[in-house]
Every structure is written in structure tokens, then in C-alpha cells.
Amino acid sequence: MEIKKSEFTISSPTVQMCPKDNKAEYAFIGRSNVGKSSLINMLCNHKGLAKTSATPGKTLLINHFIINNEWYLVDLPGYGFAKRSKVMQKKLEQMISSYILMREQLVNVFVLIDIRHDPQAIDMEFINWLGESNIPFSIVFTKADKLAVTKVKPAAEKYMDKLRETWEELPPYFITSSEKKTGREEILDYIDGINKQMKE
Ligand code: GTP
Ligand code: MG
């Protein structure tokens, strides 16, 4: 699929304030600094579309980007940033969970995992919560350029094996690098497949 046009639509502090039209949307979630905003820019081939930062905690609202005037990519704040105040963490968690549970237009959640790290409790808990809540999701491993090429696939497989301990059926996974533009076609084709299915 070609992305011909990608534009920022709106930043919303609550799910109730998100766009009112009924276009399908795909959201990106994961720990703070995992590379959500960078991935959106990479997919859209649009530097600066979503705001990125080397320091965690950049994205603080629900950000909608309209793609080809047809569907949305949604950039969410990260979870698990220890340096935030407890009140702020709670507020963001509430924003994320109500968006995910209440947003009817939400078609798929991409859960981003830094490929360099062993499975962390916070991600496992989040993934298990998605599964228990019957939210369709897929796993996206980020920053693959930071591992030696031979280590990338084994690291992803090891992570999926860990998930298999809890879940019989596993979602698809993608290996990406926003730096090297790896995984772009695969994710866009996946989204395109779902969009086409919904039109049938
Ligand atoms: P929050 O909005 O704070 O939750 O972070 P985020 O998940 O949106 O991360 P963001 O895209 O802002 O990226 C965080 C840092 O990681 C930035 O310094 C990016 O340049 C870097 N980064 C993101 N993706 C990649 C990647 O694929 N490879 C490398 N080497 N660095 C990356
Ligand atoms: Mg961000």
C-alpha cells in the first residue's frame, strides 16, 4: 500500500474528544521511548509528523493522523515511565485504557517492544490485559538496527516463546527499525489487508 498523504488531525486529552467520524484506526502503544512516534513517521515517510524525543515521556495526548483521507494512525503516550509523578502516571494510564476499551473505531493495537530487552513485567501485564479484554493486537519489535543482524530473529522468537507460555494463539509480529526503515512494507500490507477486509 502507498501512503500518498499523511496529516496531523488533532491531539485529544480524552477518548470522548477524539474525532467523531467513523474511519478505522490503528494505534501504537508501548513503554515510553520505545519508538512509537518514530515508527509512525517512518511508516508515513514523513519526518516530524509525530513528535519524537530522545528523552522519554514526549507524547502526552491521543494524537490522530489521517492517512490518504481514509483511515487513522494513532500515537499514544507511553506507559511505565518511572520518573513521572504517580498522579501523572495514573492519568495517562486512564487515558490509554479508556481509549483502548471505548474507542469503537479502533481496529488493531500495535504493541511496541524494544527488541534489545528481555520480556518485562509491565509489557507482559499490558499484553495480557489486551488479550483478556479481547482487543485485537500485534507485536512490533523496534530498534532492530541496535542488535547484530544474526541476533534479531532469535530475540523476537524468544519473546514470542515467552508469550506462548500464557497464550495458545499468538498475534502476528513485526520486526522494525525506524532508523533503517525496516518492516515498513510488512506493517502497511497488514493494515491494508484489514482495511480491505472491512470493506467487503
Ligand atoms: P514517548 O512518546 O516518550 O512515549 O516515546 P516514543 O515511544 O514515541 O519514542 P520516540 O519515537 O520519541 O523515540 C524515542 C527515541 O528512540 C528517539 O531518540 C528516537 O530517535 C529513538 N528511536 C526510535 N526508533 C528507533 C529505531 O528504530 N532505531 C534507533 N536506533 N533509534 C530509534
Ligand atoms: Mg511518542
Side-chain angles (χ1 to χ4, degrees), residues 3 6-14 18 25-67 72-100 106 108-117 119-120 122-127 130 137-153 155-156 159 173-188 190:
I3 292 195
S6 52
E7 279 179 320
F8 169 73
T9 307
I10 195 168
S11 296
S12 319
T14 64
C18 288
E25 57 195 55
Y26 298 83
F28 294 77
I29 182 70
R31 296 189 78 162
S32 227
N33 213 43
V34 70
K36 300 174 290 295
S37 304
S38 302
L39 183 69
I40 289 180
N41 293 341
M42 185 273 267
L43 292 175
C44 296
N45 237 327
H46 190 155
K47 230 175 152 188
L49 177 67
K51 292 203 180 76
T52 65
S53 166
T55 42
K58 181 72 182 170
T59 311
L60 294 170
L61 296 163
I62 305 166
N63 298 288
H64 278 74
F65 302 94
I66 182 95
I67 310 300
Y72 289 108
L73 287 179
V74 180
D75 192 16
L76 295 171
Y79 54 74
F81 178 36
K83 283 190 186 146
R84 272 179 193 140
S85 72
K86 285 271 172 291
V87 175
M88 184 66 169
Q89 277 201 42
K90 267 265 157 290
K91 199 179 138 201
L92 288 176
E93 278 169 23
Q94 171 73 29
M95 186 195 289
I96 295 165
S97 62
S98 54
Y99 166 80
I100 290 177
L106 179 61
N108 190 66
V109 176
F110 290 98
V111 182
L112 275 61
I113 303 287
D114 188 322
I115 195 151
R116 295 170 297 172
H117 302 325
Q120 317 250 319
I122 191 164
D123 295 316
M124 290 291 154
E125 280 162 22
F126 185 78
I127 290 168
L130 284 176
F137 68 95
S138 3
I139 305 282
V140 176
F141 294 102
T142 64
K143 309 196 184 184
D145 58 286
K146 294 210 178 199
L147 274 190
V149 176
T150 52
K151 300 216 163 123
V152 169
K153 188 87 199 271
Y159 201 97
Y173 74 83
F174 302 92
I175 292 172
T176 70
S177 159
S178 296
E179 199 85 355
K180 299 258 187 286
K181 296 193 180 290
T182 314
R184 183 173 184 271
E185 288 291 308
E186 287 82 355
I187 293 183
L188 291 181
Y190 183 68

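Ligands are counted one by one from 1 in listed order, and the atoms in each one are counted from 1 as well.
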Under-4.0 Å heavy-atom contact with ligand 1, by part of [X] that carries it:
X: Ser32; value: both
X: Ser38; value: both
X: Asp145; value: side chain
X: Lys180; value: neither

N or O contact, [X] vs ligand 1, cut-off under 3.5 Å:
X: Thr59; value: yes
X: Ala144; value: no
X: Ser178; value: yes
X: Lys58; value: yes
X: Gly57; value: yes

If you count the atoms of ligand 1 from 1 in the order shown, which ones are under 4.0 Å from a heavy atom of [X]?
X: Pro56; answer: 3 (O)
X: Ser177; answer: 27 (O)
X: Gly78; answer: 4 (O)
X: Val34; answer: 7 (O)
X: Lys146; answer: 29 (C), 30 (N)
X: Gly35; answer: 6 (P), 7 (O), 9 (O), 10 (P), 11 (O), 13 (O), 23 (C)

Return the residue, atom name and 0.1 Å-rounded distance of the protein heavy atom closest to [atom].
atom: atom 18 (O) of ligand 1; answer: Ala54 CA, 3.3 Å
atom: atom 5 (O) of ligand 1; answer: Asn33 N, 3.0 Å
atom: atom 12 (O) of ligand 1; answer: Ser53 N, 3.0 Å

Close side-chain approach of [X] and [Y], heavy atoms under 4.5 Å:
X: Arg31; Y: His117; value: no
X: Leu39; Y: Val34; value: no
X: Thr52; Y: Lys58; value: no
X: Phe137; Y: Ile29; value: no
X: Val111; Y: Asp123; value: no

Looking at every non-hydrogen atom in both residues, tell me the closest pair between [X] and [Y] and how far apart they are.
X: Met88; Y: Leu60; value: CE-CD2, 3.7 Å
X: Leu73; Y: Cys44; value: CD1-SG, 3.7 Å
X: Met95; Y: Pro77; value: SD-CG, 3.9 Å

- Message: So, taking the atom named CD1 in Ile40 and the one named CZ in Phe28, what distance separates them when rounded to the nearest 0.5 Å?
- Response: 5.0 Å

- Query: Between CG of Leu43 and NZ of Lys181, what distance do you get to the nearest 0.5 Å?
  - Reply: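 So the CG of Leu43 and the NZ of Lys181 are separated by 9.0 Å.
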
- Query: Counting only N and O atoms by type, is there a donor-acceptor contact under 3.5 Å from the side chain of Ser32 to the main-chain atoms of Gly57?
  - Reply: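 Side chain of Ser32 to backbone of Gly57, a donor-acceptor pair under 3.5 Å: yes, one is there.
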
- Query: Is the side chain of Arg184 donor-acceptor paired with the backbone N or O of Met42 at a distance under 3.5 Å, no angle test?
  - Reply: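 Looks like yes, one N/O pair under 3.5 Å.
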
- Query: Any heavy atom of Thr142 sitting closer than 4.0 Å to ligand 1?
  - Reply: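 Judged by the 4.0 Å heavy-atom criterion, Thr142 does not count as contacting ligand 1.
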
- Just go through Lys36, Glu179, Lys143 and tell me whose heavy atom is the nearest to atom 22 (N) of ligand 1. Lys143

- Message: Rounding to 10°, state the angle centred on the Mg ion (ligand 2) that links OG in Ser37 with OG1 in Thr59.
- Response: 100°

- Query: What residue among Tyr26, Tyr99, Phe65 forms side chain to side chain contact (heavy atoms under 4.5 Å, CB included) with Val74?
  - Reply: Tyr99

